[in-house]
2 protein chains.
Amino acid sequence: MAEEEKTTEKLILDAARKVFLEKGFDGARMQNIADEAGINKALVHYYFRSKEKLFDAIFLEVFSGFFPKVSEIMFSDIAFEKKIELFVDKYIDMLTANPFLPIFMLHEMHRNPEKVVQLMKKTGLNPGKFIGQLVINIPGQSEPIDMRHFIVNLLGLCVFPFVARPILKGMLFNNDDKEIAKFLSQRKAIVTEVLIKSIKAK
Amino acid sequence: MAEEEKTTEKLILDAARKVFLEKGFDGARMQNIADEAGINKALVHYYFRSKEKLFDAIFLEVFSGFFPKVSEIMFSDIAFEKKIELFVDKYIDMLTANPFLPIFMLHEMHRNPEKVVQLMKKTGLNPGKFIGQLVINIPGQSEPIDMRHFIVNLLGLCVFPFVARPILKGMLFNNDDKEIAKFLSQRKAIVTEVLIKSIKAK
DNA sequence: GTCTATATGGCGATAGAC
DNA sequence: GTCTATCGCCATATAGAC
């Protein structure tokens with residue numbers, strides 16, 4: 001496939017992403033990253049000068065992926081309930097493919113909230129678009145829903161089982177990997193149903 | 001109130017709890033803890049021998065608090081819907097009083113999952129009790145609900161806005177502290193309503 | 001028990017040969 | 001560009017006076 005010739009920079013970035021996601025900034029070691037990339041520690045510094053700068057490169061990339069590219073879905077003409085279903089489907093796919101991503105993001109946001117604000121601007125993420133739709137009327141509901149709470153419900157229901165996986169595994173599934181994988185795969189349907197019920201009138 | 005005479009050990013534990021909760025194990029420094037306690041660094045080692053041992057003491061204590069003492073509620077004769085309301089009320093009170101607790105727990109669980117399993121036994125936390133009630137029938141619902149998904153929904157809806165507070169603050173509330181505090185105080189009612197709707201028939 | 005001073009090791013970062 | 005060797009700092013931990 002002619003892909004064998006990876007550049008050194010790409011090797012380092014792949015290694016750094018893996019190590020930072022697993023251990024976080026404080027837990028990661030430049031030596032780990034060099035080992036993972038199969039190169040020397042000095043070379044990592046040669047390409048990225050400092051741990052901080054390398055981390056920033058990874059964080060920026062990962063941050064962009066944390067909020068999936070679903071603007072097309074959100075602002076399309078699809079019915080609201082169908083939008084929810086599509087969003088949950090895409091988001092849980094992403095979480096399944098990147099299980100360490102949410103806990104990494106949440107931890108680093110606490111460690112350095114200023115950086116998040118700064119990076120939000122770089123990625124062009126625009127909260128204003130959402131705020132513009134804060135209160136939405138759905139046919140058949142008694143009163144308008146607060147979109148902020150709805151979004152938090154949506155994200156919480158999707159993300160929580162992934163960030164809490166280690167403890168759920170121990171407490172609810174006797175450390176059975178297959179059982180928890182099965183459980184997580186059921187989340188799409190569960191979350192969608194809960195969210196749709198949540199916007200119906202009592 | 002005659003409480004001024006705190007023992008040195010208590011001073012250290014209080015300081016360690018604060019620092020570990022804020023920074024995590026990797027980010028915390030023994031010097032920070034000593035400073036916070038107003039004593040010397042060597043004294044911390046004199047009482048707890050190592051950072052690891054001090055951390056274990058804190059983690060055990062904090063872990064016990066993460067799953068609130070609501071067994072009485074859960075296994076009482078109160079109607080199921082009222083149980084939900086009481087649980088959410090207590091849990092969100094706890095999260096409000098200890099905002100760093102969930103992100104700390106989740107991060108450390110990822111860093112060292114074995115320790116969690118080990119500590120679960122020490123605390124006497126018994127998942128079996130829950131598993132015994134895995135599927136529950138509520139009057140007026142079409143089919144039995146899976147209690148595991150219900151518990152995950154419950155915890156996710158309560159916990160997520162607290163662990164994601166830094167980013168929510170930036171993205172949805174323009175970094176306005178009052179606004180996000182108000183938002184969080186509304187979660188009790190929102191979460192209770194969503195959960196109750198979730199167990200009703202479609 | 002509590003302190004100051006110090007040992008010991010690890011990690012980020014750089015120097016310099018190739 | 002890539003390596004080996006090493007510097008300098010900082011963090012955990014201990015020694016030893018009081």
Side-chain angles (χ1 to χ4, degrees), chain A residues 2-62 100 104 107-108 110-112 114-115, chain B residues 2-62 100 104 107-108 110-112 114-115:
Chain A
E3 286 184 16
E4 338 234 338
E5 267 314 301
K6 277 196 176 174
T7 67
T8 303
E9 186 173 343
K10 185 94 172 66
L11 277 175
I12 294 172
L13 284 171
D14 288 344
R17 189 181 312 109
K18 183 174 177 201
V19 173
F20 278 133
L21 276 170
E22 248 178 72
K23 313 251 193 177
F25 181 83
D26 290 327
R29 297 289 169 258
M30 297 298 266
Q31 186 64 57
N32 302 152
I33 294 172
D35 292 348
E36 181 73 31
I39 58 169
N40 192 277
K41 193 174 57 159
L43 206 47
V44 182
H45 280 94
Y46 174 79
Y47 274 86
F48 290 91
R49 275 198 59 84
S50 74
K51 183 183 181 183
E52 184 83 19
K53 284 194 166 51
L54 176 54
F55 179 81
D56 285 359
I58 297 298
F59 192 77
L60 178 60
E61 173 203 304
V62 161
F100 290 151
F104 166 83
H107 178 74
E108 297 302 335
H110 276 258
R111 199 180 64 87
N112 195 348
E114 301 80 20
K115 182 162 287 172
Chain B
E3 286 183 15
E4 338 235 336
E5 267 313 301
K6 277 195 177 174
T7 66
T8 303
E9 186 174 342
K10 186 97 174 60
L11 277 175
I12 295 172
L13 284 172
D14 288 344
R17 189 183 312 109
K18 182 174 177 201
V19 174
F20 278 134
L21 276 170
E22 247 179 74
K23 313 252 192 177
F25 181 84
D26 290 327
R29 297 290 169 257
M30 295 298 266
Q31 186 64 58
N32 302 152
I33 295 172
D35 291 348
E36 181 73 31
I39 57 169
N40 191 277
K41 195 174 52 163
L43 207 47
V44 182
H45 280 93
Y46 174 79
Y47 275 86
F48 290 92
R49 276 195 58 83
S50 74
K51 184 183 181 183
E52 184 84 20
K53 283 194 167 50
L54 175 55
F55 179 81
D56 285 359
I58 298 297
F59 191 77
L60 177 61
E61 173 203 304
V62 161
F100 290 152
F104 166 83
H107 178 74
E108 297 302 334
H110 275 259
R111 199 180 64 87
N112 196 346
E114 301 79 20
K115 183 160 286 173

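Chain naming here is simple, since letters A, B, ... match the order of the sequence lines and numbering starts at 1 in each.
Qualifying side chain to side chain contact (heavy atoms under 4.5 Å, CB included) partners for A:Phe59, counting only residues two or more places apart in sequence or in other chains: A:Phe55, A:Phe63, A:Phe104, A:Met105, A:Glu108, A:Lys115, A:Val116, A:Leu119. For A:His107, the ring-ring contact (aromatic ring centres under 6.0 Å, His included) criterion is met by B:His107, not counting sequence neighbours. Listed by chain and residue number, nothing satisfies the salt bridge (Lys or Arg N to Asp or Glu O under 4.0 Å) test with B:Glu9 (two or more places apart in sequence, or in another chain). With sequence neighbours excluded, the residues satisfying side chain to side chain contact (heavy atoms under 4.5 Å, CB included) with A:Glu114 are A:Asn112. With sequence neighbours excluded, no residue satisfies salt bridge (Lys or Arg N to Asp or Glu O under 4.0 Å) with A:Glu22.
Within the 4.5 Å cutoff, the side chain of B:Asp26 has no heavy atoms near those of the A:Lys23 side chain. Side-chain contact between A:Phe100 and A:Arg17: absent, with no pair of heavy atoms (C-beta onward) separated by less than 4.5 Å.
In the 5' to 3' direction, nucleotides of DNA chain D lying under 4.0 Å from heavy atoms of chain A begin and end at D:dG1 to D:dT4.
Considering all non-hydrogen atoms of both residues, B:Lys51 and B:Phe25 come closest at NZ-O, 2.9 Å. The heavy-atom pair separating B:Val19 from B:Ile33 by the smallest distance is CB-CG1, 3.8 Å.
Within residues 25-36 of chain B, no residue has any heavy atom under 4.0 Å from DNA chain C. The stretch residues 41-55 of chain B touches DNA chain C through B:Ala42, B:Leu43, B:Tyr46, B:Tyr47, each having a heavy atom within less than 4.0 Å of the strand.
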Show every donor-acceptor pair shorter than 3.5 Å between a side-chain atom in residues 34-49 of chain B and any protein atom, with sequence neighbours excluded, or say none if there are none.
unit_1, atom_1, unit_2, atom_2, d
B:Asp35, OD1, B:Gln31, NE2, 2.9
B:Glu36, OE2, B:Lys18, NZ, 3.2
B:Asn40, OD1, B:Ala42, N, 2.8

